[in-house]
Number of protein chains: 2
Amino acid sequence: MSLSKGVQGMATTSVPSGTSASAEVSLEEVALATRNHGMPLEALRYDTTPIGLHYLLIHYDIPALVPETWRLEISGMVTAPLRLELRDVLERPTSRRRVTMECAGNGRARLLPRTVSQPWLHEAVGTGEWTGTAVADLLDDAGLVEGASEVVFTGADRGIEGGVEQYYQRSVTLDELRETGAMLVHTLNGAPLPPQHGGPLRLVVPGWYGMTNVKWLTSLQVVDRPFDGYQHQRAYRTRQDADDPGAPVSRMAVRSLMVPPGIPDFLTRRRTVERGAHRLEGRAWSGSAPITAVEVSTDGGANWQAADVEVSEDPAAWSRWTFAWTAERAGETELCCRATDSTGARQPDEPVWNLGGYAVNAAHRVPVTIR
Amino acid sequence: MSLSKGVQGMATTSVPSGTSASAEVSLEEVALATRNHGMPLEALRYDTTPIGLHYLLIHYDIPALVPETWRLEISGMVTAPLRLELRDVLERPTSRRRVTMECAGNGRARLLPRTVSQPWLHEAVGTGEWTGTAVADLLDDAGLVEGASEVVFTGADRGIEGGVEQYYQRSVTLDELRETGAMLVHTLNGAPLPPQHGGPLRLVVPGWYGMTNVKWLTSLQVVDRPFDGYQHQRAYRTRQDADDPGAPVSRMAVRSLMVPPGIPDFLTRRRTVERGAHRLEGRAWSGSAPITAVEVSTDGGANWQAADVEVSEDPAAWSRWTFAWTAERAGETELCCRATDSTGARQPDEPVWNLGGYAVNAAHRVPVTIR
């Protein structure tokens with residue numbers, strides 16, 4: 001396992017609360033991993049991820065919502081509070097947009113010490129074709145009151161987290177809702193939004209990690225100050241220790257993944273590839289800016305070469321990359337990819353540790369046996 | 001953790017090859033658990049499991065099949081070998097049937113010593129509405145040769161398992177194909193069969209564990225003797241040790257599960273319920289015979305009471321059960337359910353160990369905190 005320098009430093013001190021010094025995973029974490037699931041990496045081949053292959057992270061339970069009785073409350077700093085039925089939302093102007101979404105905890109499971117939470121390795125990503133109506137337009141119809149600055153989105157999913165009982169809630173600023181073109185989404189890949197993705201209605205904020213995209217919406221409350229709910233103040237912050245206030249997790253860090261080539265071993269997922277010519281392929285994305293480069297190493301990161309990138313028209317969706325590789329000699333090697341976006345941000349070669357295991361966007365490494 | 005007497009006996013001897021004496025799980029097992037996923041237990045509420053919530057177990061990779069170029073070969077002991085396009089299959093007579101399917105390894109992760117494989121706890125189940133054409137009728141059209149006894153089904157998914165490189169293959173006898181009404185399925189819940197469920201065409205053998213229902217079919221070969229492929233001779237046998245030839249895994253053992261009541265803790269999935277009246281609900285199924293009873297215990301298995309069972313018309317689909325429970329006192333308890341089928345088979349209260357962790361159908365136990 002590759003460790004950042006920070007991690008090696010940490011390992012000599014005591015293990016922070018809520019983390020594990022073991023690379024082994026508990027049955028409680030397994031219970032999360034058998035509920036929530038990543039996208040099998042071979043599904044990177046699809047421009048739009050088929051329903052059932054997109055990653056899922058469900059904090060509590062999937063609520064039993066019925067479209068016929070479901071209602072959405074819009075309240076707070078609006079001149080005309082609204083109570084909408086699903087058909088009211090469906091009748092509004094819609095747009096359809098391919099948006100890549102990634103869990104903020106993707107890559108967490110390989111850190112040491114490791115946060116005890118959903119043990120994601122690489123696969124917590126997917127690209128949906130989401131259809132919905134602009135949040136900003138709906139709020140304009142409700143009439144924003146002077147001083148309104150952000151919106152608290154509440155879902156119907158209820159549970160206990162860190163000892164705090166809660167409905168799942170996250171806020172987004174009005175500026176961010178406008179800038180990203182955030183949508184209230186009722187349709188995924190042309191079908192009614194499935195229960196596991198937040199049906200009948202969810203929020204999608206292009207470019208942001210998954211935690212922002214509140215599912216099973218029941219209310220939007222417009223407020224005039226930063227929301228300090230659990231998912232902002234306790235969870236989803238990159239901290240160095242429990243006393244560190246940390247920084248909020250927001251947009252997706254630049255990242256790339258590859259379709260593991262060759263064939264897998266069932267148990268270890270270790271890849272075997274034939275000598276000869278291969279076309280490596282994968283996807284790259286960033287929540288902040290268009291992808292400008294993807295580099296590939298076929299020798300474990302000693303040397304890097306540019307891949308061909310088909311930059312997606314809408315930076316909200318991942319870009320496809322390909323790389324011609326000739327596997328010349330039988331033996332073991334490690335294939336790697338790393339992406340750069342137009343802000344100059346590039347994936348680090350090794351993971352950078354933080355307490356919650358958020359936004360861990362190290363280069364993707366795929367060990368292979370050439371035969 | 002509850003252990004059967006057999007397990008406690010085992011724990012004093014050496015740990016068999018391919019198993020782990022640890023309740024902790026390796027990152028390789030986590031890599032399997034983040035690819036493959038169970039059905040979140042609250043989805044027991046749906047008669048038919050929505051696409052994306054049905055369990056998935058993919059031995060190797062999801063192959064990149066294209067309906068336009070896909071072909072199915074029917075060969076071996078038939079008078080007229082066939083090579084079919086997808087439209088040839090779609091034009092055949094179809095039937096549509098709700099079938100419950102469960103992974104043979106469901107329940108494996110709580111055994112000790114534990115097979116190192118996909119670490120299923122309870123959730124590896126789902127009920128699809130499958131549309132397809134009868135295998136037996138298609139074989140009749142191809143003309144069975146005297147002496148033909150079974151069919152080897154081959155999928156397009158290739159990998160290495162136990163050191164053996166293979167396409168995934170399982171055979172089913174002609175008698176079993178006829179008796180179960182086995183289908184070549186191209187449609188799930190009214191939609192084209194998704195890639196992760198074996199599209200464009202898979203086998204569904206009602207009543208059998210998932211391993212029989214070969215996905216991504218490329219050929220059916222009719223043979224006159226028992227097939228001895230890896231998935232019959234090495235995998236999917238209930239053995240007591242590596243030298244035990246064991247018995248083949250076949251039809252689903254009787255089993256029930258409940259929707260965990262109340263609200264979960266995010267990390268532990270531990271349930272909290274309010275004092276007062278609750279309606280517990282769940283599903284029960286057996287691959288051999290109709291469900292005749294479901295019993296519920298609200299005190300960890302000390303006392304059992306009959307639940308109300310709505311027996312499904314087609315025993316291939318799970319039956320719904322409900323149970324009125326009044327949580328009278330604050331505190332801790334364990335809710336349990338166990339089912340019986342018309343052969344008299346009943347779920348054991350504790351898991352019964354075998355080397356591969358197959359068909360582990362112990363009563364479902366849900367610890368809850370009443371407040």
Side-chain angles (χ1 to χ4, degrees), chain A residues 1 22-43 45-46 50-54 56 58-64 109-110 116-124 158-162 165 191 194-197 260 263-270 272, chain B residues 1 22-43 45-46 50-54 56 58-64 109-110 116-124 158-162 165 191 194-197 260 263-270 272:
Chain A
M1 174 163 314
S22 169
E24 303 266 289
V25 168
S26 68
L27 281 186
E28 287 179 345
E29 292 166 277
V30 169
L32 292 175
T34 58
R35 279 179 62 79
N36 300 307
H37 67 93
M39 183 190 73
L41 291 181
E42 62 271 28
R45 75 167 76 103
Y46 304 109
I51 290 175
L53 288 175
H54 195 289
L56 278 180
I58 296 164
H59 274 245
Y60 313 126
D61 289 353
I62 299 169
R110 289 187 192 279
V116 177
S117 185
Q118 165 70 33
W120 293 127
L121 294 162
H122 306 290
E123 306 89 341
R158 187 170 183 78
I160 299 171
E161 196 167 345
E165 187 171 335
Q196 69 272 22
H197 284 290
I263 60 172
D265 179 79
F266 168 66
L267 194 60
T268 62
R269 300 295 306 164
R270 170 91 190 182
T272 298
Chain B
M1 171 165 315
S22 168
E24 303 265 290
V25 168
S26 66
L27 280 187
E28 287 180 345
E29 292 166 277
V30 168
L32 291 175
T34 57
R35 279 179 61 79
N36 300 307
H37 67 93
M39 185 189 72
L41 292 180
E42 63 270 29
R45 74 167 75 102
Y46 304 108
I51 290 175
L53 288 174
H54 195 289
L56 277 181
I58 295 165
H59 274 246
Y60 313 125
D61 288 353
I62 300 169
R110 290 188 191 279
V116 177
S117 185
Q118 165 69 32
W120 292 127
L121 294 161
H122 306 290
E123 305 89 341
R158 186 168 184 78
I160 299 172
E161 197 167 346
E165 188 171 336
Q196 69 271 24
H197 284 291
I263 61 171
D265 179 80
F266 167 66
L267 194 60
T268 62
R269 301 293 309 162
R270 171 93 190 181
T272 298

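Lettering follows sequence order; numbering is per chain, from 1. Computed over heavy atoms, backbone and side chain alike; hydrogens, waters and symmetry mates excluded.
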B:Q196 side, atom CD; A:M39 side, atom CE - distance, nearest 0.5 Å: 12.0 Å
Partner chain B: residue of A:T272, A:L53, A:V116 with the largest heavy-atom pair count (under 4.5 Å): A:L53
Ring geometry between A:F266 and B:Y60 (parallel below 30°, tilted from 30 to 60°, perpendicular above 60°): perpendicular
Interatomic distance, A:E24 atom CD to B:L27 atom CG [nearest 0.5 angstrom]: 7.5 Å
Pair A:E42 + B:R35: basic N to acidic O under 4.0 Å: yes
Residue A:E29 versus chain B: region with a heavy atom under 4.5 Å: neither
B:D61 and A:R45 ion-paired at < 4.0 Å: no
Most contacts with chain A, counted as non-hydrogen pairs under 4.5 angstrom, among B:E28, B:R269, B:H59: B:R269
Contact winner vs chain A - B:G52, B:P119, B:G162, heavy-atom pairs under 4.5 Å: B:G52
Contact winner vs chain B - A:I51, A:T268, A:I62, A:D265, heavy-atom pairs under 4.5 Å: A:I62
Side chain / backbone / both / neither for A:L267 at chain B, heavy atoms under 4.5 Å: both
Gap between atom NE2 of A:H122 and atom OG1 of B:T34 - 0.5 Å precision: 8.5 Å
Options A:S26, A:A64, A:A191, A:S117, ranked by heavy-atom pairs under 4.5 Å with chain B, top entry: A:A64
Structural part of A:P50 lying under 4.5 Å from a heavy atom of chain B: side chain
Partner chain B: residue of A:A43, A:P63, A:P260 with the largest heavy-atom pair count (under 4.5 Å): A:P63
Option in B:N36, B:I160, B:L41, B:L32 with maximal non-hydrogen atom pairs under 4.5 Å from chain A: B:I160
Residue selection (most heavy-atom pairs with chain A, distance under 4.5 Å) from B:P264, B:G159, B:G38, B:P194: B:P264
